[in-house]
K.L.:
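Structure in structure tokens, see below.
Only a predicted model underlies this, so the values are computations on that prediction, with no experimental measurement involved. Reckoned from all heavy atoms, side chains included, excluding hydrogens, waters and symmetry mates. A, B, ... follow the sequence lines: proteins, then strands. Residue 1 opens every chain.
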Amino acid sequence: MTMLPRAFFQRDPLTCARELVGCELVWNSCAGLIVETEAYTALGDEAAHTFARPSARAFVAAHQAGAAYVYFNYGMYWLFNVLVKGGPEDGFVLIRALQPTRGLPAMRRRRFSNPAAPGVRPKPPEALCSGPGKLTIALGIGGQHHGADLCVRPSTAFHGPADPAIRRLSDVRIGITKSAHFPWRFLAADNPFISAKPTAAAAGC
DNA sequence: TCTTAGATGTGA
DNA sequence: CACATCTAAGAT
């Protein structure tokens, strides 16, 4: 797999979110297969930050496709997105879960020996990156990466393409109340590293 | 396997 | 004041 070029992110957010499933996220000495994503679109999506936040719209205007959009949620967790821009519609892809492939000891250390999260007991590798808040802890992603260009250094980038044999599902997004019926969550089928099992609404895609 | 409370910061 | 979350604990 090679580093995904900027052109990958200059397309429809749903296409990007779907195709990122099966690609690899490389983050310094750590890496993981992307097994779960969600798409957010700049138009008609009330759950997207761009809907209600002028600061998010300013971010889209000021950055290129492939920029990291990192924000702090629930007073505790950083969430990691990539900016999609320049295609039919702008938006974001939220990276929701990884199947770790490299740097597992470092991930385990950050997740389970973290002074900021005392009392969290070690869990199996399936739980290392099985959620958007968990994977930023495991990889050490934080506010310092907000705005970073992910199309420059292979050591901090997405790599692809995905195995053409991969089977994917689309399902409703998780943890939102607005525009909640859009089937814009994308999953690797039958993968134990995802954050939550597919619902009855899931379908192959 | 499920539901629950509680921890916590920020943009608008 | 809602929020793109997570964990341990307790009920089923």
Side-chain angles (χ1 to χ4, degrees), chain A residues 9 13-14 16-18 20-21 25 32 34-62 67-85 89-98 100 107-147 169-187 192-202:
Chain A
F9 303 100
L14 275 68
C16 291
R18 192 189 84 95
L20 278 172
V21 172
L25 174 62
I34 298 169
V35 296
E36 180 178 346
T37 65
E38 281 178 0
Y40 291 84
T41 66
L43 300 174
D45 182 3
E46 295 188 62
H49 280 186
T50 42
F51 188 83
R53 295 186 173 190
S55 57
R57 293 192 286 270
F59 181 94
V60 174
Y69 180 82
V70 181
Y71 76 98
F72 198 49
N73 202 17
Y74 289 104
M76 292 202 179
Y77 299 103
W78 295 100
L79 272 60
F80 174 63
N81 302 251
V82 57
L83 174 62
V84 173
K85 182 181 173 183
E89 187 175 15
D90 299 342
F92 298 97
V93 177
L94 171 67
I95 309 302
R96 285 195 58 92
L98 304 174
M107 294 193 207
R108 218 175 273 122
R109 214 154 39 234
R110 280 186 288 251
R111 283 269 288 128
F112 306 130
S113 312
N114 184 350
V120 180
R121 296 271 141 252
K123 295 173 193 69
E126 287 77 9
L128 269 180
C129 297
S130 56
K134 298 179 193 176
L135 73 88
T136 56
I137 294 171
L139 296 180
I141 294 175
Q144 71 270 31
H145 301 110
H146 189 51
L169 303 176
S170 69
D171 199 356
V172 290
R173 295 179 293 185
I174 288 184
I176 58 170
T177 54
K178 298 171 297 187
S179 298
H181 57 287
F182 296 157
W184 290 356
R185 176 184 178 222
F186 297 91
L187 300 161
F193 294 82
I194 59 177
S195 71
K197 291 197 294 211
T199 70

K.L.:
Measure the distance from CH2 on A:Trp78 to C1' on B:dT10 and round it to the nearest whole Å.
P.N.:
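The answer, rounded to whole Å, is 10 Å.
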
K.L.:
Considering non-hydrogen atoms only, spot the tightest contact between A:Val120 and A:Arg111 and give its length.
P.N.:
CG1-O, 4.1 Å

K.L.:
Taking the six-membered ring of A:Phe59 (Phe, Tyr or Trp), confirm whether the NZ or CZ of A:Arg53 is under 6.0 Å from its centre and within 45° of its axis.
P.N.:
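Judged by the rule, A:Arg53 and A:Phe59 form no cation-pi pair.
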
K.L.:
C1' atom, C:dA8 versus B:dG9: distance in rounded Å?
P.N.:
22 Å

K.L.:
If you compare every side-chain N and O of A:Lys123 against the phosphate oxygens of C:dA8 (OP1, OP2), does one of them come in below 4.0 Å?
P.N.:
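For C:dA8, OP1/OP2 do have a side-chain N/O of A:Lys123 under 4.0 Å.
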
K.L.:
A:Ile174 CD1 to C:dC3 C1': how many Å, rounded?
P.N.:
16 Å

K.L.:
Would you mind pulling out the nucleotide paired to C:dT5, Watson-Crick or G-U wobble, both distances under 3.5 Å?
P.N.:
B:dA7

K.L.:
Side chain of A:Arg121 only, please: which of C:dA4, C:dA8, C:dC6 is the nearest?
P.N.:
C:dA8

K.L.:
Return no unless some side-chain N or O of A:His49 is found under 4.0 Å from OP1 or OP2 of C:dA4.
P.N.:
yes

K.L.:
A:Arg53 side chain N/O closer than 4.0 Å to the phosphate oxygens (OP1, OP2) of C:dA2?
P.N.:
no

K.L.:
Are A:Ser55 and B:dA12 close enough that a side-chain N or O sits under 4.0 Å from OP1 or OP2?
P.N.:
yes

K.L.:
How many Å lie between OH on A:Tyr77 and P on B:dT10, as a whole number?
P.N.:
16 Å

K.L.:
To the nearest Å, give me how far apart CE (A:Met76) and P (C:dA4) are.
P.N.:
16 Å

K.L.:
Could you check A:Lys178 against A:Leu135 and say which one's nearest nucleotide on DNA chain C is further toward the 5' end?
P.N.:
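The 5'-side residue here is A:Lys178.
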
K.L.:
With a 4.0 Å cut-off on heavy atoms, is A:Phe72 in touch with a base, just the backbone sugar-phosphate, or nothing at all?
P.N.:
sugar-phosphate

K.L.:
Considering every strand and a 4.0 Å limit on heavy-atom distances, what is the contact class for A:Arg173: base, sugar-phosphate, or nothing?
P.N.:
nothing

K.L.:
Ring-on-base stacking between A:Tyr74 and C:dT5, under 5.5 Å between centres and under 30° between planes: is it there?
P.N.:
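So yes, this residue stacks on that base, both cut-offs being met.
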
K.L.:
How would you label the contact of A:Arg111 with the nucleic acid (heavy atoms, under 4.0 Å): base, sugar-phosphate, or nothing?
P.N.:
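Sugar-phosphate, no base atom in range.
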
K.L.:
Is the ring centre of A:His49 less than 6.0 Å from the ring centre of A:Phe92?
P.N.:
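No.
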
K.L.:
Does C:dT7 have OP1 or OP2 under 4.0 Å away from a side-chain N or O of A:Lys134?
P.N.:
yes

K.L.:
Under 4.0 Å, counting only non-hydrogen atoms across every strand here, what does A:Gly133 touch: a base, just sugar-phosphate, or nothing?
P.N.:
sugar-phosphate

K.L.:
Using both distances under 3.5 Å as the test, list the Watson-Crick or G-U wobble partner of C:dA11, or none.
P.N.:
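By the stated definition (distances under 3.5 Å), B:dT1 pairs with C:dA11.
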
K.L.:
Test side-chain contact (heavy atoms from CB on, under 4.5 Å) on A:His145 and A:Trp78 and set out the steps.
P.N.:
CA-CA 10 Å; A:His145 301 110; A:Trp78 295 100; over 6 Å; no

K.L.:
Is a side-chain N or O of A:Asp171 found less than 3.5 angstrom from the main chain of A:Thr199, in a donor-acceptor match?
P.N.:
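Yes; at least one donor-acceptor contact below 3.5 Å.
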
K.L.:
Calculate the interatomic distance between A:His146 atom NE2 and B:dT10 atom P; express it in whole Å.
P.N.:
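So the two atoms are 14 Å apart, to the nearest Å.
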
K.L.:
Provide, to the nearest angstrom, the distance between the CG atom belonging to A:Leu83 and the P atom belonging to C:dA4.
P.N.:
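Going from CG in A:Leu83 over to P in C:dA4 covers 18 Å.
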
K.L.:
Atom CG of A:Leu79 and atom P of B:dG9: how far apart are they, to the nearest Å?
P.N.:
16 Å

K.L.:
Nearest whole Å is fine: how far is C:dT7 C1' from A:Ile137 CD1?
P.N.:
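It is 11 Å, rounded to the nearest whole Å.
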
K.L.:
Do the side chain of A:Glu36 and the main chain of A:Ser195 share a donor and acceptor less than 3.5 angstrom apart?
P.N.:
yes

